[in-house]
2 protein chains.
Amino acid sequence: MKAKIAVKSTKSDRTRAQILAAAQALFAEHGYQNTTIRDVAARASIDPAMVIRYFQSKDELFARAAAIDLRLPALKASDAGRIGDTLIRHFLEVWEGSGKGMAIMLRSATSNEFAAEKMREVFAKQVGPVIASVGSKSSAARRAGLVSSQLLGLALCRYVLKLPPVVALSREDIVAHVGPVLQRYALDEMSVNRP
Amino acid sequence: MKAKIAVKSTKSDRTRAQILAAAQALFAEHGYQNTTIRDVAARASIDPAMVIRYFQSKDELFARAAAIDLRLPALKASDAGRIGDTLIRHFLEVWEGSGKGMAIMLRSATSNEFAAEKMREVFAKQVGPVIASVGSKSSAARRAGLVSSQLLGLALCRYVLKLPPVVALSREDIVAHVGPVLQRYALDEMSVNRP
DNA sequence: CTTAAAAGTCAACAATCGTTGACAAAAGAG
DNA sequence: CTCTTTTGTCAACGATTGTTGACTTTTAAG
């Protein structure tokens, strides 16, 4: 037995990381059902049995691969005036960064109840509180729902369905168009726009 | 042989309709992959072989079940001022009517390339032209993309993911909140809201 | 009634998938 | 080196799935 206590073998950690990376890439691209243990193993250049050895089951592997943390910044009430801009910039950063969490969830949540529940949880525990921190508590849930519908719709069209006009949008286009809408939703502004 | 020429057997038409109805219900609820031929057959109270007999394959059955027509009304330029309201009311009517087309597509388009392509086609050929009929041609695709992102996001959250705050919204709530946003997107209004 | 076509039933095939257990190679402690 | 633990390989099981072909029942024309 090794003398190491807190740190396990480096080799196994590397393979474990390879499996997880392969799983995340495939889940994000093809969804839960269209990704097989054998696919993950092939991409990680190992034996399918090892995938089960390191993670106990496909469900467990998916749960690990789908861990998602939006890392939303805590907002002060004084940030209310810029919340739309802040939100859309933050999400673009998260979505187009290295994290494939949102794509994984979106690809699977429509036909996998575990993923769907995880999705509801993410928006209840991460988006909800941020919206609640500006404006009245009583309408917070509704405002968070509207914000979520726009954010998820954008991610769906841009990264999953890949609707050409939505893919073609530049980041600044998105900030300019979607930011004000999130602002309106987040603060419950009901007025009609005036050009 | 029967004397009827243009009209085929009534019995076979009824079974065919039963199969299609069962398929639509199951595809809408569980998506393409989670719906098996055997499930459809069981719901239609017939033998699995009959499903293949009436439709040649599962793909063919899905294609028939996923036929979708938004039936968007042609708009006149004079309708521009009400296009947001018109759009959201029309989609609510379609979505919450008997047609399960959108739910079927949303449940499957994230992990089924055929469904995803169908989705792109629907928004290119049905939503795009309506948006193009108001405002400038050059920005029509972008405006249609933004409108689509909000509409699909709303449908996703309300009918598929079932985010509680979005499910709780009344139709009039949706019209009041989302209508103006669609208006803004459809006409490319860039101004910040003023309460 | 006779009979041929239509409608429906049954069992099975071939492929795929998650998962398992037996066994071999490799690595490190003594 | 010896031996134990870790790491990896291989083949296979059992379940599920789309699909097929042979067979039986029903239907209705002649």
Side-chain angles (χ1 to χ4, degrees), chain A residues 1-23 26-27 29-66 107-108 111-115, chain B residues 1-23 26-27 29-66 107-108 111-115:
Chain A
M1 188 185 292
K2 286 190 175 183
K4 299 179 180 183
I5 295 178
V7 182
K8 298 178 89 174
S9 166
T10 306
K11 184 78 182 302
S12 68
D13 280 356
R14 214 181 313 146
T15 15
R16 192 183 171 87
Q18 279 179 6
I19 296 173
L20 201 62
L26 291 175
F27 281 141
E29 195 172 353
H30 303 114
Y32 178 82
Q33 299 245 32
N34 285 322
T35 299
T36 71
I37 296 281
R38 286 172 171 83
D39 289 339
V40 173
R43 179 156 182 143
S45 304
I46 52 151
D47 193 272
M50 293 303 292
V51 178
I52 299 294
R53 216 169 160 79
Y54 278 85
F55 305 83
Q56 295 89 325
S57 67
K58 185 183 179 182
D59 286 333
E60 192 80 17
L61 175 63
F62 181 78
R64 296 283 178 174
R107 286 249 189 235
S108 305
S111 57
N112 182 301
E113 187 50 33
F114 168 79
Chain B
M1 187 185 292
K2 285 192 176 183
K4 299 180 180 180
I5 296 178
V7 182
K8 299 176 88 174
S9 167
T10 306
K11 184 80 182 300
S12 68
D13 281 356
R14 216 182 312 147
T15 358
R16 194 183 170 86
Q18 280 180 6
I19 297 173
L20 201 61
L26 292 174
F27 281 142
E29 194 172 354
H30 303 114
Y32 177 81
Q33 298 246 32
N34 285 322
T35 300
T36 71
I37 296 281
R38 285 171 171 82
D39 289 340
V40 173
R43 180 156 182 142
S45 304
I46 53 150
D47 193 273
M50 294 302 293
V51 177
I52 299 293
R53 214 169 165 76
Y54 278 86
F55 305 83
Q56 294 88 326
S57 67
K58 184 182 179 181
D59 286 332
E60 192 80 16
L61 175 64
F62 182 77
R64 297 283 179 175
R107 287 249 189 234
S108 305
S111 58
N112 182 301
E113 188 49 35
F114 168 80

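No experiment lies behind these values; they were computed from the predicted model shown. Chain letters run A, B, ... following the sequence lines, proteins first, then strands; residues in each count from 1.
- Across the protein-nucleic acid pair, B:R53 atom CZ and C:dT9 atom C1' stand 10 Å apart, rounded to whole Å.
- The two residues A:R107 and A:F27 make their nearest non-hydrogen contact at CB-O, 4.0 Å.
- Considering only the side chain of A:T36, C:dC17 comes nearest among D:dT17, C:dC17, C:dT20.
- Atom pair A:L26:CG and C:dC17:P shows a separation of 13 Å (rounding to whole Å applied).
- Whole-Å rounding puts the A:I46 CD1 to D:dT9 P distance at 8 Å.
- Between the P atom of C:dA7 and the CZ atom of B:R14 lies a distance of 11 Å, rounded to the nearest Å.
- Among the heavy atoms of the strands, none lies under 4.0 Å from B:F55.
- Residues A:R16 and A:F55 meet the side-chain proximity criterion, which asks for heavy atoms closer than 4.5 Å.
- Nearest to the side chain of A:A49, among C:dT20, C:dC17, C:dT9, sits C:dT20.
- Atom CG of A:D47 is separated from atom P of C:dA24 by 16 Å (rounded to the nearest Å).
- Counting to the nearest Å, the C1' atom of C:dA7 and the CD atom of B:Q18 are 13 Å from each other.
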B:Q33/B:N112 under side-chain contact (heavy atoms from CB on, under 4.5 Å): CA gap, chis, key distance, verdict: CA-CA 9 Å; B:Q33 298 246 32; B:N112 182 301; over 6 Å; no
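- Using a 4.0 Å heavy-atom distance criterion, A:T35 is classed as a sugar-phosphate-only contact.
- Heavy atoms of other residues, nucleotides or ligands lying less than 6.0 angstrom from CZ of B:R64 number 12 at most.
- For C:dG8, one of the phosphate oxygens OP1 or OP2 lies less than 4.0 angstrom from a side-chain nitrogen or oxygen of B:T15.
- Mapped onto DNA chain D by nearest heavy atom, A:R38 and A:M50 fall at different nucleotides, with A:M50 at the one closer to the 5' end.
- The interatomic distance linking B:N34 (CG) with D:dT16 (P) rounds to 14 Å, in whole Å.
- In this structure, A:R16 places its CZ atom 16 Å from C1' of D:dG8, rounding to the nearest Å.
- Considering only side-chain atoms of B:I37, the nucleotide from D:dG18, C:dT9, D:dG8 that sits closest is D:dG18.
- Put simply, A:S12 has a side-chain N or O that comes within less than 4.0 Å of OP1 or OP2 on D:dT7.
- Looking at which nucleotide of DNA chain C each of B:Y54 and A:I52 is closest to, the 5′-most match is held by B:Y54.
- Of the N and O atoms on the side chains of B:D13 and B:Y54, not one donor lies less than 3.5 Å from an acceptor on the other residue.
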